[in-house]
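Everything numeric in this text was worked out from a predicted model, so none of it was measured.
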Amino acid sequence: MTPDPLSDDTLTRRRSLPPDARWTDWIAADGWRIRAVSWAPMPGRPSILFLNGRADFIEKYSESYWHWRDQGYGLFTFDWRGQGASGRFPAGAEGYFGAWLTDLEGLSTHTATLLGGPMVLAGHSMGGHLALRHLAAGGTSRYSRAALFAPMAGIAAQGVPPRVLSWLARAYVKAGAGDTYPPLQGPYGERSRSVHRQRILTGDPERFADEAWWIDGNAALAFGGASWRWVFEASTSCAALGAPGVPEAITLPIDVFIGDNERLVGAAAARRLVQRLPDGRLHVIAGAAHELLRERSAVQDGVLAAVDGLVAL
């Protein structure tokens with residue numbers, strides 16, 4: 001008899017969503033359809049608005065959703081415009097970060113209305129970056145606090161100084177090559193499933209393999225590497241986030257978690273940014289890479305337990 005691949009509870013939580021998921025398409029002001037899912041909170045429990053990262057999709061963090069549902073938290077999450085199953089930007093499109101921030105403002109209002117009660121803002125990588133920019137733009141009143149995992153305050157680029165990287169990206173965009181890929185980037189393919197990428201993202205090969213498992217079941221979720229245009233816009237957005245007075249104006253309690261083996265976002269930039277937040281706390285996670293919510297169980301469990309303690313405050 002062939003064993004059921006989902007008979008193991010841990011695997012079930014990694015490769016299925018919790019019950020009672022409510023799928024919907026949130027329609028942006030310009031008509032763009034954003035794929036989203038939510039779970040209602042248990043009475044008296046808070047809700048989490050979770051923002052995933054660049055090239056991510058809803059299902060990738062299913063294990064965390066199971067954990068948060070075990071605590072009775074409400075949850076709302078979605079695929080960012082242009083990735084996951086929320087469509088793709090047309091060739092030559094620009095203004096990614098502005099569009100994402102506009103969408104986030106609308107989605108935040110929608111989530112507060114849909115789920116009610118106190119709300120925690122959580123974000124991973126690019127999602128953490130957009131969370132901070134959203135808060136800096138005046139979104140703090142909707143949330144009780146924020147928990148950010150490896151937020152993108154800068155880009156780690158194999159030792160290339162940020163100013164040089166930004167200059168290169170700007171040059172490619174101006175030359176009409178913004179949609180081409182920098183070295184070591186490219187369309188979704190073998191590199192996306194490589195051991196090299198796994199080690200940058202997580203120390204857990206099995207959890208890393210879950211991403212490919214979901215994509216094999218729905219090819220629309222596949223997304224390649226960062227383009228020169230994305231690098232340019234991300235560099236510009238990081239500069240805007242780090243401008244004088246911007247982090248200092250974010251008064252919400254914010255906890256930032258970052259692995260001591262972080263190699264994808266600028267760890268030093270994130271540490272500097274936390275020091276500028278009026279109510280920011282930094283948690284350095286030993287033995288962890290970029291995807292703290294998809295790390296080895298000992299790491300992941302510790303991070304989720306810490307978040308539970310914050311949500312209860």
Side-chain angles (χ1 to χ4, degrees), residues 28-32 34 51-57 79-84 86-106 123-134 136-137 150-192 196-197 200-201 222-247 262-270 272-273 276 290:
D30 63 356
W32 197 293
I34 304 294
L51 316 178
N52 58 37
R54 195 204 72 83
D56 285 346
F57 50 86
D79 289 345
W80 290 107
R81 173 191 297 240
Q83 64 184 47
S86 289
R88 295 291 181 269
F89 288 109
E94 55 187 29
Y96 299 164
F97 283 78
W100 289 328
L101 287 168
T102 299
D103 289 342
L104 180 52
E105 176 64 24
H124 163 69
S125 194
M126 188 186 80
H129 170 88
L130 290 165
L132 288 164
R133 292 219 47 204
H134 169 64
M152 185 185 72
I155 304 171
Q158 308 296 320
V160 179
R163 289 185 180 181
V164 174
L165 181 66
S166 179
W167 181 86
L168 281 171
R170 181 183 180 88
Y172 273 88
V173 170
K174 280 194 166 184
D179 293 329
T180 63
Y181 294 104
L184 303 181
Q185 300 292 315
Y188 186 87
E190 291 184 10
R191 182 186 289 115
S192 308
H196 174 73
R197 181 169 179 264
I200 290 175
L201 295 182
F223 199 80
S227 67
W228 279 116
R229 188 182 310 281
W230 183 91
V231 172
F232 171 63
E233 293 200 13
S235 299
T236 301
S237 191
C238 285
L241 176 61
V246 174
E262 175 62 56
R263 291 189 286 161
L264 195 59
V265 300
R272 290 193 298 269
L273 186 137
R276 296 172 59 188
H290 181 62

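- In this structure, Arg191 has no salt bridge (charged side-chain N to carboxylate O under 4.0 Å, His left out) partners at least two apart in sequence or on a different chain.
- For Glu94, the side chain to side chain donor-acceptor pair (under 3.5 Å) test picks out no residue, with sequence neighbours left out.
- A donor-acceptor distance shorter than 3.5 angstrom exists from the side chain of Ser192 to the backbone of Gly189, with no hydrogens or angles considered.
- The distance from atom CD1 of Ile34 to atom CG of Asp103, rounded to the nearest 0.5 Å, is 4.5 Å.
- Taking all atoms of both residues into account, the shortest heavy-atom contact from Ala240 to Val246 is O-CG2, 3.6 Å.
- Residues that satisfy the ring pair (Phe, Tyr, Trp, His ring centres under 6.0 Å) test with Trp32, not counting sequence neighbours, are Phe89.
- Evaluation of the side chain to side chain donor-acceptor pair (under 3.5 Å) test over residues 231-241, restricted to residues two or more places apart or in two chains, returns His129-Ser237, Arg133-Ser237.
- Every residue was checked against the side chain to side chain donor-acceptor pair (under 3.5 Å) condition with Arg88, not counting sequence neighbours, and none meets it.
- Checked by atom type and distance alone, the side chain of Trp80 pairs as donor or acceptor with a backbone atom of Asn52 at under 3.5 Å.
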List the atom pairs, with distances to 0.1 Å, where a side-chain N or O of residues 172-182 and a protein N or O form a donor-acceptor pair under 3.5 Å, not counting sequence neighbours.
unit_1 : atom_1 : unit_2 : atom_2 : d
Asp179 : OD1    : Arg229 : NE     : 3.4
Asp179 : OD2    : Gly92  : N      : 2.7
Thr180 : OG1    : Ala177 : O      : 2.6

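- Leu201 is linked by a side chain to side chain contact (heavy atoms under 4.5 Å, CB included) to Arg197, Phe208, Leu264, His290, Glu291, counting only residues two or more places apart in sequence or in another chain.
- Here CH2 of Trp100 is found 6.0 Å from CD of Gln83. Values are rounded to the nearest 0.5 Å.
- Distance check, rounded to the nearest 0.5 Å: CG of Leu165 to CZ of Arg163 gives 13.5 Å.
- Every residue meeting the side chain to side chain contact (heavy atoms under 4.5 Å, CB included) condition with Ala55, not counting sequence neighbours, appears here in chain and number order: Phe223.
- Across all non-hydrogen atoms, the minimal contact from Leu104 to Leu130 is CD2-O, 3.7 Å.
- Taking Ala234 as the reference, Phe97, Met152, Ile155, Trp230 meet the side chain to side chain contact (heavy atoms under 4.5 Å, CB included) condition, with sequence neighbours excluded.
- Scanning both residues, Ala269 and Gly154, for their nearest heavy atoms gives CB-N, 4.0 Å.
- With Gln185 contributing its side chain and Trp228 its backbone, the two residues share no donor-acceptor pair below 3.5 Å.
- Ala99 is linked by a side chain to side chain contact (heavy atoms under 4.5 Å, CB included) to Arg81, counting only residues two or more places apart in sequence or in another chain.
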Please report the C-alpha distance between Leu132 and Leu273 in whole Å, then the side-chain angles of each, then the deciding distance to 0.1 Å, and finally whether the side-chain contact (heavy atoms from CB on, under 4.5 Å) criterion is met.
CA-CA 10 Å; Leu132 288 164; Leu273 186 137; 3.9 Å; yes

